[in-house]
Each structure stands twice: as C-alpha cells, then as structure tokens.
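What follows is one structure encoded as structure tokens, with my remarks underneath.
For the single chain, residues carry numbers from 1 onward in sequence order.
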Amino acid sequence: MDETVAEFIKRTILKIPMNELITILKAWDFLSENQLQTINFRQRKESLVQHLVRLCEEKHASLNDAALLDIIVTVSFRETEENAVWIRIAWGTQYTKPNQYKPTYVVYYSQTPYAFTSSSRLRRNAPLLGQALTVASKHHQIVKMDLRSRYLDSLKAIVFKQYNQIFETHNSTTPLQERNLGLDINMDSRIIHENIAEKERVQQITQETFGDYPQPRLEFAQYKLETKFKSDLNGSILAEREEPLRCLIKFSSPHLLEALKSLAPAGIADAPLSPLLTCIPNKRMNYFKIRDK
C-alpha cells in the first residue's frame with residue numbers, strides 16, 4: 001500500500017469518534033468480519049489506528065478505498081436520500097498532486113439539473129466541475145444558483161420546493177382575545193380592541209407571507225447595492241460622481257428565515273416586511289445584486 005494512502009487512512013480514522021468507529025468500519029465494508037474481531041477497541045487510539053493501518057496494508061487498500069472511508073465519515077446516509085449520488089473530489093493541478101485532505105463534496109440528484117457542492121478554495125475549478133456534471137448527467141446545463149447554507153436538507157427544500165408554500169389557516173381553537181397578549185387589565189377597552197386587531201392583522205400577514213410551518217434553515221442573506229447619489233443641490237461632490245456608490249448589507253442569524261418571520265409579531269418591524277427579505281425561498285437565492293434602473 002502506498003505511503004500516501006496509509007497516511008490518509010490514518011488521519012481519517014483519527015478524526016472518527018471512538019463510539020462511532022466500529023459502526024463506520026462496518027459501513028465501509030473493506031475489512032472482513034474476522035479482521036474486525038482482531039481489533040481491541042479498548043486500547044489507546046494511536047495503537048488502534050496502527051493496527052487498522054496494518055490490516056489495510058494486508059488487503060492492499062487503494063486510494064479509492066481510502067476516499068470511500070472518508071465519505072462514510074463525512075456523510076450521514078439516510079433512507080430519504082433516494083437517487084442521491086455523492087461525489088468526492090480531491091483537486092490538483094498539472095504541477096501538484098490532488099490534495100486528499102481538502103476535498104470538495106458534491107451531491108447530485110439524478111434526473112434533475114441541480115447539484116449541491118461544499119465550499120472549495122479553488123473557485124477557478126467550479127466551471128470545470130459544472131462541465132463535468134453537465135456531461136455526466138446528460139442535461140443541457142447544471143443550474144448555478146446564488147444560494148448557500150450549511151444545511152443540505154434546507155437547500156433541497158428550497159430548490160425542489162418541498163416545503164409547504166400554501167397559506168394555512170391557523171387552527172387554534174382559542175380565540176386571540178383569550179390568549180396572553182401582555183395587556184394591562186385596567187387599560188381602556190377601546191385600546192385593548194385596537195391592539196388585538198393590530199396583532200391579528202400582523203399575524204395574518206405573517207402567515208400569508210411565511211406560512212404556518214417551519215422555515216428552511218439559512219444562516220445569512222447578502223445584498224450588494226449599486227446606486228447613484230441623487231440630490232437637488234448643484235455642485236454636490238457625490239452627485240457629480242460618475243462611479244456608482246457601492247455597499248454590502250448582510251443579515252445573519254443561526255436561523256435567518258425564522259428570525260425574519262418573528263420580526264413583525266415581536267413589534268421589531270412593520271408588517272409586511274420588504275419583499276427583498278421575504279422572497280428568499282421563492283427566488284431560491286440568498287445572494288442579491290441590486291442596481292438602479
């Protein structure tokens with residue numbers, strides 16, 4: 001077995017938590033059951049790893065075998081992942097060997113023009129990856145979308161429109177007037193009625209906009225703005241500027257869409273919210289470029 005492969009297998013196994021190691025080795029299905037029974041999983045991990053590497057050497061493990069082990073560490077397969085093809089790419093150049101320690105993972109769903117890729121430092125390789133996927137999938141093109149998230153399920157839900165986009169009537173049997181609105185019992189009844197009516201309006205608009213179901217999970221939305229400065233004052237330095245003014249606005253949250261959904265009901269923003277914020281799932285993007293017409 002090549003020293004590079006041995007080192008790669010060693011590093012991969014070292015990353016695996018001890019309580020998951022036997023499960024992952026069985027899923028790898030490279031070592032036989034008899035070989036696995038020779039392993040003492042109670043010994044120090046460094047010694048265990050050396051033993052595993054020796055077993056792999058006995059079976060002449062190849063780079064493809066090592067790459068498969070790396071995928072099974074990285075990917076949690078589920079029964080719902082039907083028609084999903086997982087691809088692992090180690091990038092190299094004509095002058096350097098492929099870097100097995102910084103791969104790109106691609107998930108392609110057959111019969112669709114969509115593929116999901118992990119981040120890669122070699123962005124110049126993205127067109128090559130697109131060409132390869134186009135040929136392999138026999139589609140005219142692989143769709144490039146300005147949509148990013150760490151959560152594959154949420155990306156799938158947005159791209160394939162798998163979340164419920166139909167407005168659902170709130171089914172609570174408790175009238176809004178009877179719920180805890182945090183109102184002072186000594187408050188004028190006309191004010192209470194007005195507050196309840198406003199809360200009902202905000203709730204109705206929020207449900208019409210976002211629906212009454214969990215939102216896909218995104219961590220940010222980014223807006224690049226280009227605009228010309230407009231002023232009625234003559235001689236303004238900014239007004240005479242030929243280059244547009246550029247700025248970058250970024251909204252971030254552990255769960256951005258749920259956070260946006262809660263703004264109006266919490267009284268932080270007016271309802272309805274700007275379409276630039278609420279259109280993210282429908283437009284299937286969280287990178288926007290906005291220019292003056």
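Taking 4.5 Å as the limit, some side-chain heavy atom of L133 sits within range of a side-chain heavy atom of V106. Counting heavy atoms from C-beta outward, F288 and I280 have side chains that approach closer than 4.5 Å. A heavy-atom distance below 4.5 Å is found between the side chains of F210 and T278. Using a 4.5 Å heavy-atom cutoff, the side chains of L25 and I72 are not in contact. Two residues are said to be in side-chain contact when any heavy atoms from C-beta on lie closer than 4.5 Å; L36 and I39 meet this criterion. With a 4.5 Å cut-off on side-chain heavy atoms, V85 and V107 do not count as touching. Looking at heavy atoms from C-beta onward, N99 lies in side-chain contact with K102 at the 4.5 angstrom threshold. Counting heavy atoms from C-beta outward, E226 and L245 have side chains that stay 4.5 Å or more apart.
Here OG of S149 is found 10.5 Å from CZ of F116. Values are rounded to the nearest 0.5 Å. With values rounded to the nearest 0.5 angstrom, L48 atom CG is found 5.0 Å from Q43 atom CD. Rounded to the nearest 0.5 Å, atoms NZ (K15) and NZ (K10) are 14.0 Å apart. If you take NZ on K59 and CG on D65, they are separated by 8.5 Å, rounding to the nearest 0.5 Å. Distance check: H255 NE2 to R217 CZ gives 5.5 Å after rounding to the nearest 0.5 Å. With rounding to the nearest 0.5 angstrom, the CG atom of L31 is 12.5 Å from the CD atom of Q37.
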Might you work through the ring-ring contact (aromatic ring centres under 6.0 Å, His included) test for Y114 and F160, ending with a clear yes or no? CA-CA 9 Å; Y114 301 108; F160 297 129; 5.6 Å; yes
Criterion side chain to side chain contact (heavy atoms under 4.5 Å, CB included) on I24 and I13, from CA distance to verdict: CA-CA 10 Å; I24 289 175; I13 296 175; over 6 Å; no
Where do E7 and R11 land on the salt bridge (charged side-chain N to carboxylate O under 4.0 Å, His left out) test, with the steps shown first? CA-CA 6 Å; E7 180 64 20; R11 292 195 188 187; 3.1 Å; yes
Let's go through E219 and L256 carefully: what are the C-alpha distance in whole Å and the side-chain angles of both, what is the deciding distance for side chain to side chain contact (heavy atoms under 4.5 Å, CB included) to 0.1 Å, and is it a yes or a no? CA-CA 5 Å; E219 301 87 26; L256 179 65; over 6 Å; no
With salt bridge (charged side-chain N to carboxylate O under 4.0 Å, His left out) as the criterion, how do R201 and E198 come out once you've worked through the C-alpha distance, each side chain's angles and the decisive distance to 0.1 Å? CA-CA 5 Å; R201 184 190 74 84; E198 174 62 15; 2.9 Å; yes
With side chain to side chain contact (heavy atoms under 4.5 Å, CB included) as the test, would you mind laying out the steps for Y105 and I71 before giving the verdict? CA-CA 9 Å; Y105 296 96; I71 289 181; 4.1 Å; yes
Go through the steps to decide whether Q222 and L248 satisfy the test side chain to side chain contact (heavy atoms under 4.5 Å, CB included), and finish with yes or no. CA-CA 7 Å; Q222 182 171 294; L248 177 67; 3.2 Å; yes
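Smallest separation of non-hydrogen atoms from Q100 and L63: NE2-CD2, 3.3 Å. Between R284 and V159, the closest heavy-atom pair is NH1-O, 2.7 Å. Of all non-hydrogen atoms in P281 and I158, the two that sit nearest each other are O-CG2, 3.6 Å. Listed here is the closest heavy atom pair of W28 and C56: CH2-SG, 3.7 Å. Heavy atoms only, all atoms of each residue included: A61 and V5 are closest at O-CG1, 3.8 Å. Closest heavy-atom contact between P265 and K261: CD-O, 3.4 Å.
Judged by distance alone, the side chain of Q35 and the main-chain N or O of S32 form a donor-acceptor pair under 3.5 Å. The backbone N or O of P113 sits nowhere less than 3.5 Å from a side-chain atom of Y109 that would complete a donor-acceptor pair. Q207 contributes no side-chain N or O that, together with a main-chain N or O of Q204, makes up a donor-acceptor pair within less than 3.5 Å. A donor-acceptor pair under 3.5 Å is absent between the side-chain atoms of N282 and the main chain of C279, judged by distance alone. The main-chain N or O of P216 is never found under 3.5 Å from a side-chain atom of S154 such that the two would form a donor-acceptor pair.
Listed by first and then second residue, the salt bridge (charged side-chain N to carboxylate O under 4.0 Å, His left out) pairs that reach into residues 36-49 are R44-E46, sequence neighbours excluded.
Taking hydrophobic clusters as Ile, Leu, Val, Met, Phe, Trp and Tyr residues chained together by side-chain heavy-atom distances below 4.5 Å, M18 shares a cluster with V53. No continuous path of hydrophobic side-chain contacts links L276 to Y287 [ILVMFWY only; heavy atoms under 4.5 Å]. In the hydrophobic clustering of ILVMFWY residues, with side-chain heavy atoms under 4.5 Å counting as a link, Y151 and M145 come out apart. In this structure, I16 is a member of the same hydrophobic cluster as L14, with clusters built from ILVMFWY side-chain heavy atoms closer than 4.5 Å. Cluster annotation: V49 is connected to L21 through the hydrophobic network of ILVMFWY side chains, with a link wherever side-chain heavy atoms come within less than 4.5 Å.
In this structure, R148 forms no cation-pi arrangement with F220, as its terminal cationic atom is not both closer than 6.0 Å to the ring centre and no more than 45° off the ring axis.
In this structure, a donor-acceptor pair under 3.5 Å is absent between the side chains of N286 and Y223. Using modelled atom types and a 3.5 Å distance limit, the side chains of T4 and D2 yield a donor-acceptor pair.
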